[in-house]
Amino acid sequence: MINSLMQLSDFRLLYPELVWLEPDKIEAAVQLSNQVYGEAHQWSVYLHGLALAGFEQWFTQRSHDTTMLDIRDCSIFTPSVANLIASVCNLKINDFRLCIIATESVAAEAVSMPCAVVDSAAYKAHLYVLAEVIEEQSQVVFRGILSQEQLSQYKESSPLQPTDEWHYTLPLWLFDQELDQLLFYAKHLEPADISAEAATVKTHQNIDLISSRLSEAAMSLPPSEHKPWELLSWEEGRTILDSQPLTACVYEWQAQSTSKKSLRMRIQEIFSLVSQSAIDTAQWAEGQLSEAYRSMGYWNFSTLASARTLELADNDLFKKQLTQALDYLRAKGRLIPADVYPVCKDVTVGSECFRLCTVVFSKADPDEDISVVDSSENQRKQWFFLVILGAVPPQRTLHGAGLRVSTLNGVVKEAVSEVNDPFVYALIDASSAEKVSVTIETQSGTAMTLPPYIASQG
Amino acid sequence: ANISTHTPNANSCLAVNSNGEEKKTKYKPISLEVLESFNPDLKDSQSLGNWTYTVVYRHRDFKKVLSEKGSSHLTDWAILNRENVAPLKQLSVRSRHISKAFHAVYRRDRRQAKATGRCPDPSDKQLNEMSNLLNEKKISISPEALLKEIENLAKQLRRLESPEMVPFFQTNPETGTQRENPDLPVVDPTRADLQEQCEMSHFLRENLIVALEQAIQLGIKDRLVELNNSRRQKHAHKYILGLRLIYCNGLTQQQIATDKLAGFANKSQVAKVLAPMKLVSQIRFRTIEKLLDMILVRAEKMGLTSIPPQENYLSSLVHHLEQYVDDKIFTNATSELRAGGANHALNSLYASYLCRYLQEK
C-alpha cells in the first residue's frame, strides 16, 4: 500500500489532478440520479454523474480536440443500465473504451468496482479511471488509471470474488498511472480486442431463478424498494446485463409498470426470443412443412393425412371449424387470402390442451410502384402471421385462455377468450423480420411460450 | 547543494551551503525526523517505508497542506453522506441503521435541492423524519439524542479511515521466530538495458529544452483557449501581462491584485485567471507529449520498439519521462510557486524559459 505513494511522482503528490465543477453540471448529475431506484444507488449514480462532468472538464483543458471524446453511448444515460451499474461505461476516446469509477474516499486503499465492468463484454473498458468525488466541495480528483492489460495480469495472480452487491474490491495501487497517460494511449496505441466474454453464463437455469425470485420479492415490498443485487447473485445479474431486453425488463419491474404476472411471462418471452433459434415460416405460406418442424410436433393438413395423428372424424370436424374461423375473420374484413396453409401444433399448458394454428401468408406491398419493372424476387412482400388458438376437439371452448404475441421490443397483441369463445386470434404484420414469440396463458395463470417464429425476407 | 546534519540541540540543524559555510537553521528536514524517530528493534515495528508514511501523514504541516487542498476539511455531514463500504462493516447494527436513516433523509434532500457547498446542519424536520424511520426499525430515539449520536458516528468514521499498517516483523506461529514480513511491498527492480538507458538519457538531454520551449508555446495557447471559452473570458486579455508580472518581475499575486496597470479586481481573481500552477501542469503535459513523440520515432529507428508500441513499453517510457522532466524542470517549477510570498524573482529553469517567451509576446 505504500506503493500507491511511491509510484506517484512528487509532482502528482503535490498537485493532484483536480477539477472544480460548475453548478449546471451538478444539476445534470442530479437528473441522472433521479432515474434509478433506491436512495443509496441514486447517490452513487449522482457521484458518477459528477465524476463524468469532471472528466469532460479535464479533457477540454488538456486537449481541445473535443471530437476525440464521445460520451453519447455512456451507460449512465440509459436508465435501465444505470439502475444496475452506477459506473460510467462506454465513454470513448477515439476507439478506446473508458470506464469511470467514482469513490468518495481513497483512504481505505481499496477500490470497489462493479463486476459488470470487469466481466461483461458490453461494459468492459480498455482503461479504467478512478475519480475521487469530494461532493461537499464540488471537486473531482483523478487518482489514477488502470489498463485492461494490467487488470488481466492482476486477475491471474489474484482471482476476484464478487461481494454481495455485484462488486469486486481491488487495491488502490493498481491505479498507478497518471490521467495524462490516457491521452498518450489514445494517440500511440491501437486498442486491443476486448469483446471476448470471460466465461459462459448458465442462462437457462438463471432465467427461471430470476423470474421466480423477482416475483416473490414483489410480494413483500414494492419492486421499486428492492435492490436487484440483494435478490440475485452476480451470475444471475450477469445474465440480465448481458441482454438488453432483460435489463429493460428488470427496470420496468422496478418501475412497477408491469403486473406481477406479466413479469414472469415477459422474462420467459425474452428468453425464448433471445436464446432459441427461430422457426423459418416462409415455406409454410406455400404449404410446405419440413421434416425438422414435423418432428417438433407441427403438422398441416396434407401431412396429417399421412401421419394419422388424428381420428378421421375429428380431423374433418377440426378442418370445418378452422375454415369457419377463417371465413369469420374474412367477413370481419381481415384480408386473408383464399389459399392458405395452416400449420398446427397441439400444446398442453398446465392441465389443459390447446391447438395453436399459424397461418403465414404474404401480400405484395400495395404501396410498391407497379410501373417499375422488377423481378418477382425483388418485389417487396408483406408478411403476416395469423395465430389462432383453439380448443382440441371434442372440447368446444377455451375456458378463458388467451394468446400473447411479442417481440423483443414488447407485446404486440394480446387476446383473451371470453366465456363461449371457441377461439381467439391475433393477426400481426411480420414484415420487419423480427423474431416473434407466441405465449399461451390459461385462466389459472399457467403460461407457455413457444419457440419463436420468423418470416424471412427471402 | 545543502547538506543538513542534526545536532543534539533540539529544534535546530546545522546547514552547510555550497560555499562550505556553516549556518544554523530552524528548519529540520522531515527525512531527519523520520530517521531519528524510527526504531527497528521494537517488537512489531513497522518498516521504514511505512514509518515514513506515518510520520508524514500525521505531521502538522502536511495536514495543513492537505486541508488547504480540502482533503480533511469535510464537515461531519459530508463524512456521513459518503458511501461507506468497508468502514460500515465495522460499525454496530444500530450505527448502520442510523447511517441509513441519515442517507434516506439528509442525502436525499441535498440531491433534490441540488445543494452545493458546505453541508449545513440537519434541520429539526430532517431529524424528526430520521427519528421516525428509526422507530419503524424498533430503535426509539429522540431527535435531540439522535443528533448527538450522529455526531459521534461521524467522529467514529473519521477514525476508521486511518490507513492500516503492515508490521515489519512477523512472528512465525509454529517456530516462534521472527522474520521479515513477506507481504511488505517491494519496489520492482527495473530491467534496464544499460545501453538503451544511456542512449535515451543522451537523447532526452539533447531535446529537453526544445520540447520545453514548444510546450510553453502550446501550453499558453491551451490556457488562453480555455479562458476564452470560460466565464472569465473578459479577463483573458490580461493573461500574458499577468504572467509576465509573476515570472519576469517577481510580483506576488497579492501585489498584482493591487497593481493598477494589471487591472485585476482582487487576489481571488488573479488566482483564478492566471492560475500559474495550472499552466505548469499543462506545460508539463505538453513537454511529455512532445518528448514521447520524439522518443518513439527514435526508438523505432533504433529497433527498440514496433509502431504501434507494446502497452508495457509505452507506459514505462511515459513513467520514465515523467520522472525525468519532474527532476529537471517541474519539481522546481512547482516548489518555487509554493514558496512564493517573499519578494523574489522566480529563477528556476522553467521560470527563465517562460519569462523569455512572455517577453517576446
Side-chain angles (χ1 to χ4, degrees), chain A residues 1-3 5-7 9-12 14-18 21-23 26-27 29-30 33-34 39-40 42-44 46-47 60-64 103-105 107-110 112 134-139 141 147 149-150 163 167 169 173 177-178 180-181 183-185 187-190 192, chain B residues 47 49-50 52-53 69-71 73-75 77-78 81-83 85-87 100 103-104 107-108 111-112 114 116-119 161-164 166 185 187 222 225-226 229 277-278 280-282 284-285 288-289 292 296 307-309 311-312 314-315 318-319 322-323 326 330-331 334-335 338:
Chain A
M1 44 116 225
I2 191 79
N3 263 340
L5 283 192
M6 277 160 82
Q7 293 281 41
S9 58
D10 287 338
F11 184 85
R12 278 292 160 238
L14 291 171
Y15 190 69
E17 204 71 82
L18 189 151
L21 294 173
E22 302 287 306
I26 296 172
E27 190 168 324
V30 173
S33 72
N34 283 335
E39 189 281 326
Q42 285 177 329
W43 183 257
S44 188
Y46 169 59
L47 293 176
T60 18
Q61 280 172 23
R62 276 286 185 264
S63 152
H64 302 295
T103 178
E104 288 192 90
S105 164
E109 307 262 352
S112 184
I134 307 172
E135 193 273 338
E136 192 179 32
Q137 282 155 354
S138 305
Q139 282 178 5
V141 182
S147 75
E149 172 75 29
Q150 293 164 322
T163 65
H167 275 73
T169 306
W173 57 260
Q177 295 180 83
E178 291 192 27
D180 285 349
Q181 183 82 289
L183 298 169
F184 302 137
Y185 270 79
K187 192 173 176 189
H188 294 286
L189 295 182
E190 275 165 19
Chain B
S47 70
N50 287 352
T52 309
Y53 188 94
K69 289 289 171 192
S71 165
H73 236 203
L74 300 179
T75 60
W77 322 119
N81 269 350
R82 291 199 304 198
E83 298 179 307
V85 182
K100 280 212 177 99
H103 289 171
R107 215 164 62 168
R108 172 207 68 201
R111 254 191 326 107
Q112 297 299 353
K114 298 172 190 131
T116 58
R118 193 178 166 77
C119 289
E161 268 190 42
S162 297
E164 296 162 296
V166 177
V187 180
D222 290 337
V225 169
E226 192 195 331
N229 288 332
M277 252 327 284
K278 223 178 187 185
V280 172
S281 178
Q282 186 70 11
R284 177 179 182 266
F285 164 65
I288 296 173
E289 185 187 33
L292 183 63
L296 281 175
I307 297 292
E311 182 185 314
N312 284 340
L314 182 73
S315 79
V318 172
H319 188 64
E322 283 166 3
Q323 287 182 322
D326 284 345
F330 295 103
T331 306
T334 316
S335 55
R338 301 181 68 77

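The chains referred to below are lettered A, B, ... by the order of the sequence lines, with proteins before strands, and numbering in each begins at 1.
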Quick one: what part of [X] sits under 4.5 Å from any heavy atom of chain B, side chain, backbone, both or neither?
X         : value
Ser138(A) : side chain
Leu21(A)  : neither
Gln42(A)  : both
Gln181(A) : side chain

Looking at [options], which one has more heavy-atom pairs under 4.5 Å with chain A than the rest?
options                         : value
Arg108(B), Gln282(B), Gln112(B) : Gln282(B)
Thr334(B), Asp222(B), Leu296(B) : Asp222(B)
Ser281(B), Pro308(B), Pro309(B) : Ser281(B)

Practice problem: Tell me, for Asn229(B) versus chain A, whether the close heavy atoms (under 4.5 Å) come from the side chain, the backbone, both or neither. | Solution: neither
Self-check item: Set of residues satisfying salt bridge (Lys or Arg N to Asp or Glu O under 4.0 Å) with respect to Glu226(B), sequence neighbours excluded
Solution: Arg223(B), Lys278(B)
Quiz item: Is any NZ, NE, NH1 or NH2 atom of the basic residue among Arg284(B) and Glu178(A) found under 4.0 Å from an Asp or Glu carboxylate oxygen of the other?
Solution: yes
Quiz item: Taking the six-membered ring for Trp, is the centroid-to-centroid distance between Phe184(A) and Phe285(B) below 6.0 Å?
Solution: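 Distance test on ring centres: under 6.0 Å, yes.
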Self-check item: Non-neighbouring partners of Tyr185(A) that pass ring pair (Phe, Tyr, Trp, His ring centres under 6.0 Å), sequence neighbours left out
Solution: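 Tyr185(A): no ring pair (Phe, Tyr, Trp, His ring centres under 6.0 Å) contacts found.
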Quiz item: In terms of heavy-atom pairs under 4.5 Å, which option from Glu17(A), Glu190(A), His167(A) contacts chain B the most?
Solution: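 Most pairs with chain B among the choices: Glu190(A).
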Quiz item: With chain B, which of Glu22(A), Arg62(A), Glu149(A) has the greatest number of heavy-atom pairs at distances under 4.5 Å?
Solution: Arg62(A)
Quiz item: Is atom NZ of Lys100(B) surrounded by more than 12 heavy atoms (other residues, nucleotides or ligands) closer than 6.0 Å?
Solution: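 Open.
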Exercise. Ignoring hydrogens and angles, tell me if any N or O in the side chain of Thr331(B) forms a donor-acceptor pair with the backbone of Asp326(B) under 3.5 Å.
Key: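 Here the side-chain-to-backbone pair exists.
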Quiz item: Is there side-chain contact between Tyr15(A) and Met277(B), with heavy atoms separated by less than 4.5 Å?
Solution: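 Touching, per the 4.5 Å side-chain cut-off.
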